[in-house]
Amino acid sequence: MTRLDPAEITALYRRCYADPPWSEPPEQLDAYPDRLAEAMKRPGFAAWTERDHEGRLAGVCYGWPTPADLSGNRIYDVLKQSFDASTLSTMIAGSFEVVELFVHPEARGKGIASALLTQAIAGWPKAWLITSPQAPAAKLYHRLGWREAGPLPGEPPLALYTFESDQHIT
């Protein structure tokens, strides 16, 4: 796990999510530092970063183990509305939840997202994340063996992506 500089991560987040397909409005971008602070308090929170050759933050990935209790969380509520309980449990129980993965637009296509994602799910038999099928990373997920499990309500359109390893990645 990497030592995190929340201000640096927030600046990269703003750069990545202000543009399509996300086009987050200013108030949503402004709320990110508080979301990051709350995320960092989650049990099992883990994060990884990559820097470019000049030492600038080029990419971030973080998440946590999916809790057994999926109550009281907006994302989990959306998942429970979109999939029956048995299917959802099969897909995400005992998984690592990739909450954020973002790479500076100028650093994309250089293997940074792949490296970050590989580090994040190492040792986990299953992992999942939510993204827009229109996001630049969606093609990467497919290439790395992730499966689009189904659509979720929202704008932009979102989907649940899952990964199952035949063996623990170490």
| request: Give the minimum heavy-atom separation between Leu116 and Cys61, together with the two atoms involved. | output: CB-CB, 3.8 Å

| request: Compare every heavy atom of Ala135 with every heavy atom of Thr131, then report the nearest pair and how far apart it is. | output: OG1-CB, 3.6 Å

| Parallel, tilted or perpendicular: which describes the rings of Tyr17 and Phe102, with under 30° parallel and over 60° perpendicular? | perpendicular

| field | Min side-chain heavy-atom separation Leu88-Trp128 under 4.5 Å | value | no

| Validation row: Pro33, Pro6 side chains within 4.5 angstrom (heavy atoms) | no

| message | Which heavy atom of Phe96 sits nearest to which heavy atom of Pro65, and what is that distance? | response | CD1-N, 4.0 Å

| said: If the threshold is 4.0 Å, N to carboxylate O, is there a salt bridge linking Glu106 and Arg56? | reply: no

| Got Trp146 and Ile121 here, is their nearest side-chain heavy-atom distance under 4.5 Å? | yes

| Are His104 and Lys110 close enough that some pair of their side-chain heavy atoms sits under 4.5 Å apart? | no

| request: Report the C-alpha separation of Ile75 and Val99 in whole Å, then their side-chain angles, then the decisive distance to 0.1 Å, and conclude whether the side-chain contact (heavy atoms from CB on, under 4.5 Å) test is met. | output: CA-CA 10 Å; Ile75 297 298; Val99 176; over 6 Å; no

| remark: In terms of heavy-atom contacts, Pro43 and Trp64 come closest through O-CB, 3.6 Å

| Flag side-chain contact, heavy atom, 4.5 Å: Tyr76 against Glu97 | yes

| Does any non-hydrogen side-chain atom of Leu101 lie less than 4.5 Å from one of Leu117? | yes

| said: If I take atom OG1 from residue Thr49 and atom CG from residue Asp5, how far apart are they, to the nearest 0.5 angstrom? | reply: 10.0 Å

| query | Is the shortest heavy-atom distance from the side chain of Val78 to the side chain of Ser82 under 4.5 Å? | reply | yes

| query | So, Asp77 and Lys80, do they make that salt bridge, N to O below 4.0 Å? | reply | yes

| message | Test your reading of the model: is there a side-chain donor-acceptor pair from Thr118 to the backbone of Ser114, 3.5 Å cut-off? | response | yes

N/O donor to acceptor pairs below 3.5 angstrom from side-chain atoms of residues 157-164, sequence neighbours left out:
from	atom 1	to	atom 2	distance (Å)
Tyr161	OH	Glu148	OE1	3.3

| message | So Ile130 and Leu79, do their side chains get closer than 4.5 Å, heavy atoms only? | response | yes

| How far apart are the closest heavy atoms of Leu70 and Pro67, and which atoms are they? | CD2-O, 3.4 Å

| query | Say you draw a straight line from CG of Leu4 to OG1 of Thr10; how long is it, rounded to the nearest 0.5 Å? | reply | 10.5 Å

| task | Just grab all the side chain to side chain donor-acceptor pair (under 3.5 Å) pairs involving residues 22-41, residues at least two apart or on different chains. | result | Tyr13-Glu24, Tyr13-Arg35, Arg14-Asp30, Tyr32-Tyr62, Glu38-Lys41

| Looking only at side chains, do Asp84 and Ser86 share a donor and an acceptor under 3.5 Å apart? | no

| task | Output yes when a side-chain donor or acceptor of Lys126 lies under 3.5 Å from a complementary backbone atom of Ala93, and no otherwise. | result | yes

| remark: Ala107 and Ala58 have their tightest heavy-atom pair at CB-CB, 4.0 Å

